[in-house]
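Reading through the structure tokens given below for one structure.
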Amino acid sequence: MNLGYSDSQQAFREEVRDWLKAHVPAQALPSFDTEEGFEAHRAWERTLAEGNWGMVTWPEAYGGRGCDLIEWLIFEEEYYRAGAPLRVNQNGIFLLGPTLMEYGTEEQKARFIPAMASGDEIWAQAWSEPNAGSDMAAIRCSATRDGDDFVINGQKIWSTRAVFADWGFGLFRTDPDSERHHGLSKILVPLNADGVTVRPIRQLNGLPGFAEIFFDDVRVPAFNVLGGEGEGWRIAMATAGFERGLMLRSPARFQQAAKRLVRLYREHTQDLLDPSVEDAVLRCYMDAEAYALSTYQTASKLVGGGSIGPEASCNKIFWSELDLLIHETAMKLLGARGELEPATPSELQELGPWLDGFLFAQSGPIYAGTNEIQRNIIAERMLGMPRK
Amino acid sequence: MNLGYSDSQQAFREEVRDWLKAHVPAQALPSFDTEEGFEAHRAWERTLAEGNWGMVTWPEAYGGRGCDLIEWLIFEEEYYRAGAPLRVNQNGIFLLGPTLMEYGTEEQKARFIPAMASGDEIWAQAWSEPNAGSDMAAIRCSATRDGDDFVINGQKIWSTRAVFADWGFGLFRTDPDSERHHGLSKILVPLNADGVTVRPIRQLNGLPGFAEIFFDDVRVPAFNVLGGEGEGWRIAMATAGFERGLMLRSPARFQQAAKRLVRLYREHTQDLLDPSVEDAVLRCYMDAEAYALSTYQTASKLVGGGSIGPEASCNKIFWSELDLLIHETAMKLLGARGELEPATPSELQELGPWLDGFLFAQSGPIYAGTNEIQRNIIAERMLGMPRK
Amino acid sequence: MGMDFTFTEDQLSFVDAVRGMLSQEVTPERIRARWDTDTGVDTEFMTQVAELGVMGMLIPETLGGLGLGATDFVMLAQACGEMAVPEPIVEQVLVVAPLLTDILERGLGGDSLQAMVDDLISGQMTVAVSHPINPFINFGDRSNWVLAGQGEEVCLVARDAVALASKKSVDPSRRLFEAELDNANATPLASGDVGADLWRRTLNRGALATAAQLVGLAEAMVAQSVRYTSDRAQFGRAIGTNQAVKHLLADVAVQIEYAKPVVYRAAYTVEVSPSRADFAVSHAKVAASRAALLAARHCIQVHGAMGYTWECDLQIWVKRAWALAREWGDEGFHKNRIHEWLLQSNALLGPEFTFGRRTLTDTVAA
Amino acid sequence: MGMDFTFTEDQLSFVDAVRGMLSQEVTPERIRARWDTDTGVDTEFMTQVAELGVMGMLIPETLGGLGLGATDFVMLAQACGEMAVPEPIVEQVLVVAPLLTDILERGLGGDSLQAMVDDLISGQMTVAVSHPINPFINFGDRSNWVLAGQGEEVCLVARDAVALASKKSVDPSRRLFEAELDNANATPLASGDVGADLWRRTLNRGALATAAQLVGLAEAMVAQSVRYTSDRAQFGRAIGTNQAVKHLLADVAVQIEYAKPVVYRAAYTVEVSPSRADFAVSHAKVAASRAALLAARHCIQVHGAMGYTWECDLQIWVKRAWALAREWGDEGFHKNRIHEWLLQSNALLGPEFTFGRRTLTDTVAA
């Protein structure tokens, strides 16, 4: 056990910090759930790619730096510390990219990875369907073989980024006689293809953070099937584990929010506060750090060649409840002014991005498998309790 | 709506207060889960009965005062305010007594009620069985008709007071071919009868607060069947409602504990307290009062001839969680000295009865239907959610 | 007359009648329609409500009202929360009207105030109250007059003498304005102890107004969630059959059930002894906020992704709850009032003081 | 060497070996048997543990020990919690031995202390520590010497000069004594900054000792509850099939999972930079207490009435958790240390300070 950074890790941190200091936009970008904001974030992805900072864990051949997970954590710490923009291409670089590298053919990699890395093609995910929310295996969207093509029909929902993105990926039923998790394939679909209709879904904040996608005889080449026909479920499961969670939910994000919460608390200690606030502030700071410690522990295990056990399923519940508590506590600190949507720079200065974060935090215990489902998984797979 | 007491209600309160002031033992009695304490509590029941304060809601003919529920609440407020002893005969006077008055024959009433009221016969309950905890209908203990008698065989468990009590009552299967809640009868059994073996069960505090009762060809006259053969379930359900809960869990009990908690808090505000403590103290005081308000509301409805809806099922969860919070908070206030079992008067003076109350509070969310079962009932019967 | 914690038949049937009207007139569709209007207010609807006699309920008969009390109105306030009524009916009836009445009864205001009372009874929102505890005035642009002031100062100000800056609330049904007063043009009505007392009573009525609505909001959220989870299937059966889903909603039901009598006790106390209402009102605000905020969270949760969308009507109730929990004193303010009271060495604690707080001669000993 | 948050193979296999021995030797039956003895201690068992080399693990080789650190021992402390070992092994190894070492290394004690070290290594509990934060000494009657003192004073006192009053703990495995010192017979060892530093390090080691055991206790309670609810049937099926039961235990599992790395970080900090360990240790104590107290509550709950009985072995773990959560600083003490630190205007907050807290030159700006 060595809980200190090596000289080269330190040097890496300083390199990241210096680069971000020079490149992070001084003004916060507009939300990427607006057209303007989406393009601004795409431009930021290009800037990152130009510095080879787009995805530091990727091999150098794809514009990465071949970093290990510890370096990834350091990168993220600096990224959040610098207040750099959210990653509009997270579906691509965190979710699809690693899958492509593992299961894609050389031709597929050559076709998709460079454009993904450069931000030229931004990806939406298309997992859920109207009747397959937490029950992913209930997929009904079909992709029927027709010569060298597949013809897609059906509907996806809750597709993040789909409103403005260029491409989407998801699971489709390529074997019409199959049931549940058999007969599914992972297919990549251009969202400007004939027969694709994207209907935005507005979130609680009024912006279209996700969409429904309707497929009406959408024709894609068989080239777009990833990892082989009928292999969709296996591929999805293989890449649904810890690393995906880690990429999407860096501890640094929560630690940075907890730090802002402590500062907000310091500014308000003279107010008539709800007496539960002090306790919540302490808890948030501690839990954010606990999440980081746990992540470093797991990352160390993986870097050392180990693998992750079923205890990783605790992760989702912990960060999503932490994120809620951080934002609920901030809202308590803001008191009666907390209901205000900051519209001017001075309001944003006074109120911070807390309301928006509070709204977003509501979705944490829901997406990627509700926390109720997660508790079942922990009880059954980690603790070994009886299913039925 | 009139949230004030009438002159006669006031006068009643003062009468109760005066009598209690003159009669409540200066020294706390030993626990009624010891032999010595049991007899001391029996003596207290006799004292109450002599003043006609044993059960003020009972008719005067049975030594009561014919009080309505509002007066009952006033009585209880004064009772807890005076720090009077716990009711060792609560199974009798709160649970069995009202059932006897409603379903008993005149002969049964004459036989059992006076001895119950005087404290000469203290009652144990015998509901649960080893494989029928929260699932009351799974009863297997049998009572087989044999001439003018029933012959009882089987086992009961979690029988409160059974270690020292004189009589027990419970449900027994009188129809051997019946299932679930059919074919059950409510039968009264003397615990000194041949074939009865009482095996004490010690609680967390080491004292035998309940017992197993083994019945081995125990013969009781058919006279001891209450409300008719096969009517057991119906009778049990009819008397399992609000009034029973009210009798057993007077709001005054929690209000008095919350008051002591506030005082304990005042004594410790200079300490390095867990910051959640202040919030918990406020919550305890408010919730105890909310429980009282809700009870007065329901009592008013009943006194006015109304009936209670399914919302009464919220009651159990609310008081049991409140009782836990009160005692957990007190234990936090006591800090490192809280683990001490007070053994001397000066330790009791310093630490109060909090540890014992904390241990007892652990059972609140479990007995009389676990809080998990209660939440199912609320969801299904009060909110109307689907069962399966 | 002895203790009686029930509503009268008259009270119950009046609520039923108004509630029926509200459920017809204030649908989610019409609430959303208001969002797209400049004013956010449906004036025809306000007239309808006025015609039922609601607006002047708490105004004394001598001033043209019905002369009823807060206990007559509290369930109606709850119903306004249940229907998520955007117009500030509850505030007009329970806050503005009694403040005007207080001023008139103390001889501090003249004919112009009586005219405002008349307008209010007819459903016009001529007067707004800008209490020091609230940073914003909801629908402040609708009024010709503002009752405002700092500290112990209570003034009447014409709208023209107030600079109103529009602010966007998370709840699109609300139209917030930050007011900057031109003190030179304000007519002082009261100050010192009198002013402080006016503001204190007003704060308690405001907090009661939000508490009652919060209970109604919570009830409506649970009802919608029960419907949604009974219909929506996942893994081959209604999601409402899951124990986890049931227990999330049962927990809210328990909080609501025990917030209601607390709110009713607060209404009674505001009506009968307004000068001793601080504890009862703060308790009500805390209990109702807790229930409504838990409802918001758990009901979003059981709606799954749907609960996170603009399209789902649940957001109407959820956002109102978030806003009202902070208005007229947030949890911090109200918990601190209770804390202050509980820490007094002569506070009358214990079961015998649930009502009235001074019921026996020897109470202080205890 | 770069960041590495894993234990070595050596550390893991040593823990496995000792853990195996403990699970053989410290069964619930044998723990209950100790309750009926005068001393509460199984001296043969202590000798066995000593023979494995456990007792002197943290004592420098120059003083006759193995010269290992807190990270080498922390999982063993956790295992002692898991097995609910009644003897104060963890405290002897992690608190008493390092304090003796601190004193000897500073040249504050002489041959008599070296003799105490030798006894400790052999499994004799010759020395007890009476730290100002603890009102009681567990097994205080076993020792010939007590390291005690108030404020910044650290003294060595012979048992004869200490009046020990026996106190009854809720946990029958514990044998508490309240100590009254005869100051005339106390040998002062340190005072001022040196004494304060000795007590502070000792407090941190004590809190770490309880935190590690609390995690083990919590794990054991969950494991017992999983077994019980998988076997026990109600309504025709195992009660562990109920979502509500599953979720009660899953919630505990999450807290345990995120307490563990916090406790290991605290062990590392105590080993590597004991003078900067306050935050890490207090965090560990709070996180471990939270997990263990939640475990106690939820595990009693899923055991139903059985969980409330003397007969059920669960009580052994539950009561230990209640006791250890308060020893060496309760939640109030440790949360207040964290609060004090967070409120400093120059506290180094943020993700880059998770480890070491001073990793870059320009950190204070942030």
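In what follows, chains are A, B, ... by sequence order, proteins preceding strands, each numbered from 1. What you are looking at is a predicted structure, and each value in this text was computed from that prediction instead of being measured.
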Exercise. Between C:Val226 and B:Leu383, what is the shortest heavy-atom contact and its length?
Worked result: CG1-O, 3.4 Å

Problem set entry | pair C:Val245-B:Met385: side-chain heavy atoms closer than 4.5 Å | yes

For this session: Identify which of C:Thr269, C:Val262, C:Val222, C:Thr6 forms the greatest number of heavy-atom pairs closer than 4.5 Å to chain B.
Result: C:Thr6

Seminar exercise, completed: Rounded to the nearest 0.5 angstrom, the CZ-CD distance for C:Phe353 and B:Glu289 is 11.5 Å

For this session: Say whether, by atom type as modelled, one donor and one acceptor occur between the side chain of B:Arg375 and the main chain of C:Ala244 under 3.5 angstrom.
Result: no

Exercise. Quick check: does any side chain N or O of C:His283 sit under 3.5 Å from a backbone N or O of B:Met286, one acting as donor and the other as acceptor?
Worked result: yes

Seminar exercise, completed: Of all heavy-atom pairs linking C:Pro351 and B:Gln256, the shortest is CD-OE1, 3.2 Å

Exercise. Counting only N and O atoms by type, is there a donor-acceptor contact under 3.5 Å from the side chain of B:Glu311 to the main-chain atoms of C:Glu257?
Worked result: no

For this session: Determine yes or no for a side-chain-to-main-chain donor-acceptor pair under 3.5 angstrom, with B:Asn2 supplying the side chain and C:Asp4 the backbone.
Result: no

Problem set entry | Which of B:Asn371, B:Asn376, B:Val262 touches chain C most, by non-hydrogen pairs under 4.5 Å | B:Asn376

Problem set entry | Test item: B:Ser300 side-chain N/O and C:Phe5 main-chain N/O as donor-acceptor pair under 3.5 Å | yes

Problem set entry | Atom pair CE (B:Met1) and CG (C:Asp72), whose distance is rounded to the nearest 0.5 Å | 9.0 Å

For this session: May I ask you to say whether C:Lys335 pairs ionically with B:Glu278, meaning some side-chain N is under 4.0 Å from a carboxylate O?
Result: no

Problem set entry | B:Phe318 and C:Tyr258 aromatic centres sub-6.0 Å | yes

Problem set entry | Interchain contact, C:Glu271 with chain B, by part (heavy-atom threshold 4.5 Å) | neither

Exercise. How about C:Arg19: does its CZ atom have over 12 heavy atoms from other parts shown lying under 6.0 Å from it?
Worked result: no

Problem set entry | Check ion pair B:Glu380-C:Lys246 (N to O, under 4.0 angstrom) | yes

Exercise. B:Phe254 versus chain C, heavy atoms under 4.5 Å apart: side chain, backbone, both or neither?
Worked result: neither

Problem set entry | Residue B:Asp279 versus chain C: region with a heavy atom under 4.5 Å | side chain

Exercise. So which heavy atom on B:Gln9 is nearest to which on C:Met3, and how close?
Worked result: OE1-N, 3.1 Å

Exercise. Out of curiosity, C:Leu249 CG to B:Met382 CE, how far, rounded to the nearest 0.5 Å?
Worked result: 11.0 Å

Exercise. For C:Gln344, is it the side chain, the backbone, both, or neither that has a heavy atom closer than 4.5 Å to a heavy atom of chain B?
Worked result: backbone

For this session: Could you check C:Thr241 against B:Arg387 for side-chain contact (heavy atoms from CB on, under 4.5 Å), going step by step and ending with a plain yes or no?
Result: CA-CA 6 Å; C:Thr241 58; B:Arg387 274 168 168 269; over 6 Å; no

For this session: Mind checking the CD-CZ spacing from B:Gln297 to C:Phe7? Nearest 0.5 Å is all I need.
Result: 7.5 Å

Exercise. Among C:Ile338, C:Leu343, C:Thr71, which residue forms the greatest number of heavy-atom pairs with chain B at distances under 4.5 Å?
Worked result: C:Leu343

Problem set entry | C:Thr354 versus B:Gln255, side-chain donor and acceptor atoms under 3.5 Å | yes

Exercise. How long is the span from the CG atom in B:Leu282 to the CZ atom in C:Arg337, to the nearest 0.5 Å?
Worked result: 13.5 Å

For this session: Compare every heavy atom of C:Leu349 with every heavy atom of B:Arg266, then report the nearest pair and how far apart it is.
Result: NH2-CD1, 3.6 Å

Seminar exercise, completed: Given B:Cys314, B:Ser313, B:Gly306, the one with more heavy-atom pairs under 4.5 angstrom with chain C than any other is B:Cys314

For this session: Could you tell me which portion of B:Ala252 (side chain, backbone, both or neither) has an atom closer than 4.5 angstrom to a non-hydrogen atom of chain C?
Result: both

For this session: Please examine the side chains of B:Leu3 and C:Tyr264, heavy atoms only from C-beta on, and report whether any two atoms are closer than 4.5 Å.
Result: no

Problem set entry | chain B neighbours within residues 289-303 of chain C, where any heavy atom lies under 4.5 Å away | C:Arg290

Problem set entry | Aromatic ring proximity, centroids under 6.0 angstrom, C:His339 and B:Tyr285 | no

For this session: Just give me the residue among B:Gly304, B:Ala288, B:Ser6 that pairs up with chain C most often, heavy atom to heavy atom, under 4.5 Å.
Result: B:Ser6

Problem set entry | Contacting region of C:Ala238 [heavy-atom separation from chain B under 4.5 Å] | side chain

Problem set entry | Under 4.5 Å from any heavy atom of chain B - which part of C:Val272 | neither

Exercise. Of all of C:Ala250, C:Pro261, C:Gly240, which one pairs up most often with chain B through heavy atoms under 4.5 Å apart?
Worked result: C:Pro261

Exercise. Do the non-hydrogen side-chain atoms of B:Tyr5 and C:Glu352 ever get within less than 4.5 Å of each other?
Worked result: no

Problem set entry | Most chain C-contacting option - heavy-atom pairs closer than 4.5 Å, from B:Arg283, B:Arg260, B:Lys388 | B:Arg283

